[in-house]
There are 2 protein chains.
Amino acid sequence: MKEGPDISRIAALIGDPARANMLNALMDKRARTAGELAEEAGVTKQTASSHLSQLLGADLLHRDVQGRHHYYRLAGRDVAAALEALMTLADVGAGRRLRAGPKDPAMRKARACYDHLAGELGVLMFDQMMTGGWIGTKANALSVSTLGWQRLKAIGIDPEHVPRSRRPQCRTCLDWSMRRYHLAGSIGSAVLDQIYAQGWARRDTASRAVLFTANGEARFRRWLDGAGR
Amino acid sequence: MKEGPDISRIAALIGDPARANMLNALMDKRARTAGELAEEAGVTKQTASSHLSQLLGADLLHRDVQGRHHYYRLAGRDVAAALEALMTLADVGAGRRLRAGPKDPAMRKARACYDHLAGELGVLMFDQMMTGGWIGTKANALSVSTLGWQRLKAIGIDPEHVPRSRRPQCRTCLDWSMRRYHLAGSIGSAVLDQIYAQGWARRDTASRAVLFTANGEARFRRWLDGAGR
DNA sequence: TTCATGGTTCGATCTTAACCGAACCATCAG
DNA sequence: CTGATGGTTCGGTTAAGATCGAACCATGAA
């Protein structure tokens with residue numbers, strides 16, 4: 001009845017199952033057409049169109065029009081962060097009720113959290129980087145150490161390639177399935193890019209799951225252990 | 001249409017204006033009776049009761065029954081974090097629409113973000129601590145430096161008094177009004193406690209605003225500058 | 001015990017908004 | 001041009017849930 005931004009407006013938007021499914025599908029940062037999202041949500045084109053225009057109006061989505069295709073994607077990291085925070089809550093609640101649904105083990109093992117790696121392997125990576133001293137505070141921000149850059153260069157991540165925006169290089173992000181932190185920020189994003197580029201894993205076409213190959217996972221773990229080249 | 005926790009359930013809960021107002025009112029970590037929350041939300045007792053039982057059932061709230069009073073409070077930090085993330089989104093959207101409502105300047109200057117300080121002064125504090133080297137990474141976690149402890153002791157925060165739980169000592173939290181980071185974690189919580197204890201500020205009885213006295217703010221800023229005791 | 005107060009439960013009303021059929025608009029291929 | 005495809009707009013229907021009056025239950029005071 002007083003101050004603060006109007007939470008309920010956007011929460012209500014996310015609160016509809018159809019829209020929530022659409023947003024969830026977009027959590028991998030890729031863009032989808034209206035038709036794809038309609039199928040994702042299990043509704044007709046008309047209904048989907050209505051939902052999408054609402055999400056667009058609330059700045060939760062961006063739209064790119066290419067020819068007769070309309071591509072929708074999340075408006076930004078903030079949106080992904082809010083969705084992830086909600087998932088954390090939903091997962092706890094569901095834990096008691098639906099017996100910790102092992103619905104999609106692949107998702108819990110590794111998935112894209114917008115632009116960086118989450119799940120068991122995401123948390124593992126963050127822990128290793130911390131204990132291994134890849135990350136430290138230089139001056140006034142959590143950033144990559146000399147050792148860290150050395151290790152990152154081994155998979156092709158260069159200081160020059162990391163965009164010099166106001167975005168922090170390293171950030172932590174709370175993982176809904178693990179309830180522990182994993183690495184976000186521009187470095188987190190670059191690492192996920194390289195995981196794909198190195199062929200260690202590929203995107204699932206349908207979900208946010210990051211599908212590591214057996215060999216890829218082994219090489220990823222070796223990289224984290226600092227062994228080998 | 002696939003995996004992941006059911007976001008929409010809890011988002012829908014937060015999506016009702018009455019419930020959102022209740023949750024917002026509880027963001028200062030204090031508990032309120034059902035009646036107080038009913039007034040806060042602008043609904044009758046009956047309606048409030050219905051809302052509260054829903055929030056309770058979804059584990060967003062805890063209830064303490066004392067005599068004939070039922071005290072409700074946020075279930076935990078995760079809930080506060082999710083609400084804060086939603087506020088960030090809502091504030092951006094509202095920025096264009098409602099011309100950055102200076103509704104409550106006191107809230108933007110300083111407020112309690114669950115258990116720690118947010119707003120302009122919260123962000124200022126975090127920046128000062130970072131640039132001043134109060135905070136650094138020791139071993140595997142962002143923590144307080146020797147200098148930092150020295151400064152914290154000056155206002156009565158001792159390593160022994162900070163609970164040794166699994167909760168990180170230092171965490172960052174995205175500020176919805178500033179869109180920058182401020183200090184959370186057990187240290188952030190302890191500092192806010194001391195801000196009250198030192199008499200630098202007092203809680204607003206009605207909102208989350210942290211009301212600094214003129215003198216209190218001056219002393220707080222001096223403390224951050226590291227000047228004098 | 002009786003009364004007052006704080007909360008919850010029940011039932012009925014009423015508003016909101018999700019949904020789809022149908023029509024319409026734009027792009028692209030022939 | 002015609003036909004096909006991808007999206008949006010419009011209208012009417014329908015289902016969900018927020019709301020409150022009234023009754024009910026529990027605690028505490030007299």
Side-chain angles (χ1 to χ4, degrees), chain A residues 1 6-26 30-75 90 93, chain B residues 1 6-26 30-75 90 93:
Chain A
M1 218 56 186
D6 181 17
I7 275 191
S8 68
R9 232 187 75 85
I10 41 153
L13 284 176
I14 307 174
D16 179 80
R19 287 191 293 261
N21 281 332
M22 292 175 173
L23 291 168
N24 188 36
L26 293 169
R30 278 181 288 191
R32 326 258 163 151
T33 65
E36 288 172 326
L37 291 170
E39 192 184 8
E40 197 78 43
V43 294
T44 60
K45 293 185 222 292
Q46 313 93 296
T47 310
S49 179
S50 164
H51 287 314
L52 289 170
S53 66
Q54 290 181 65
L55 293 172
L56 202 61
D59 286 325
L60 293 182
L61 297 183
H62 275 164
R63 174 165 59 181
D64 294 311
V65 179
Q66 287 177 16
R68 56 182 167 184
H69 294 272
H70 293 202
Y71 287 96
Y72 291 90
R73 58 190 164 85
L74 288 195
Chain B
M1 218 54 185
D6 181 16
I7 276 190
S8 67
R9 232 186 76 84
I10 41 152
L13 284 177
I14 307 174
D16 179 79
R19 286 191 293 261
N21 282 332
M22 292 174 172
L23 291 169
N24 189 36
L26 293 170
R30 278 182 287 190
R32 325 258 162 150
T33 65
E36 288 171 327
L37 291 170
E39 192 185 8
E40 197 79 43
V43 295
T44 61
K45 295 185 221 291
Q46 312 92 297
T47 311
S49 179
S50 164
H51 287 314
L52 289 169
S53 66
Q54 289 181 64
L55 293 171
L56 202 63
D59 286 326
L60 294 183
L61 297 183
H62 274 164
R63 174 166 58 182
D64 295 311
V65 179
Q66 287 177 17
R68 55 183 167 182
H69 294 272
H70 292 201
Y71 286 95
Y72 291 90
R73 56 190 165 86
L74 288 194

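Lettering of chains follows the sequences in order, A, B, ..., and the numbering in each one begins at 1.
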Contact under 4.0 Å: B/Y72 side-chain N or O vs C/dT8 OP1/OP2: yes
Ignoring backbone atoms, test whether B/Q66 places a side-chain nitrogen or oxygen under 4.0 Å from the OP1 or OP2 oxygen of D/dT27. no
Look at the side chain of A/Q46 against the base of D/dG7 and say whether a donor-acceptor pair falls under 3.5 Å; ignore hydrogens and angles. no
Rounded to the Å, how far apart are B/L37 CG and C/dG6 C1'? 13 Å
Could you tell me the separation between the OG1 atom of A/T33 and the CD atom of A/E39, rounded to the nearest 0.5 Å? 9.5 Å
I need the single residue from A/I10, A/L60, A/L74 that forms a side-chain contact (heavy atoms from CB on, under 4.5 Å) with A/L55. Which is it? A/L60
Heavy atoms under 4.0 Å, any strand shown: does A/E36 hit a base, just sugar-phosphate, or nothing? nothing
If you assign each of A/R63 and A/R68 to its closest nucleotide in DNA chain D, which residue comes earlier from the 5' end? A/R68
Figure out the CG/P separation between A/D16 and D/dG17, and round it to whole Å. 11 Å
Separation between CD1 (A/I14) and CD1 (B/I14), nearest 0.5 Å, reads 8.5 Å
Checking B/R73, B/R32, B/R30 against B/D64 for salt bridge (Lys or Arg N to Asp or Glu O under 4.0 Å), the one that qualifies is B/R73
Just report the end-to-end axis angle for the helix from C/dT1-D/dA30 to C/dG30-D/dC1, five pairs per end, to 10 degrees. 20°
Taking CZ from B/R19 and C1' from D/dA16, how many angstroms apart are they, rounded to a whole number? 12 Å
A/L26 vs A/L37, side chain to side chain contact (heavy atoms under 4.5 Å, CB included): CA-CA, chis, key distance, verdict: CA-CA 9 Å; A/L26 293 169; A/L37 291 170; 4.1 Å; yes
Nearest-Å distance for atom pair CZ/P, residues B/R9 and D/dG17: 11 Å
Take atom CG of A/L55 and atom C1' of D/dG7, then tell me their distance rounded to the nearest Å. 16 Å
Tell me whether the OP1 or OP2 atom of C/dC19 has a side-chain N or O from A/H51 closer than 4.0 Å. yes
Test your reading of the model: is there a side-chain donor-acceptor pair from A/R19 to the backbone of A/L13, 3.5 Å cut-off? yes
Would you say A/H70 reaches D/dT8's phosphate, i.e. side-chain N/O to OP1/OP2 under 4.0 Å? yes
If you compare every side-chain N and O of B/T47 against the phosphate oxygens of D/dT19 (OP1, OP2), does one of them come in below 4.0 Å? no
Is there a side-chain polar atom (N or O) of B/T44 under 4.0 Å from OP1 or OP2 of D/dC20? yes
Distance in angstrom units between A/L52 CG and C/dA17 P, rounded: 18 Å
Which is more 5' along DNA chain C, the nucleotide nearest A/Q54 or the one nearest B/S49? Just name the residue. B/S49
Using whole Å, report how far CG of A/L56 lies from C1' of D/dG7. 13 Å
A/G67 vs B/T33, nearer the 5' end of DNA chain C by closest nucleotide: B/T33
Roughly how far apart are B/D16 CG and A/I7 CD1, rounded to 0.5 Å? 12.5 Å
It should be established whether B/H69 places a side-chain nitrogen or oxygen under 4.0 Å from OP1 or OP2 of nucleotide D/dT27. no
Please tell me if A/Y71 has a side-chain N or O lying less than 4.0 Å from either OP1 or OP2 of D/dG7. no
To the nearest 0.5 Å, atom OH of A/Y72 lies from atom CG of A/L52 at 4.5 Å
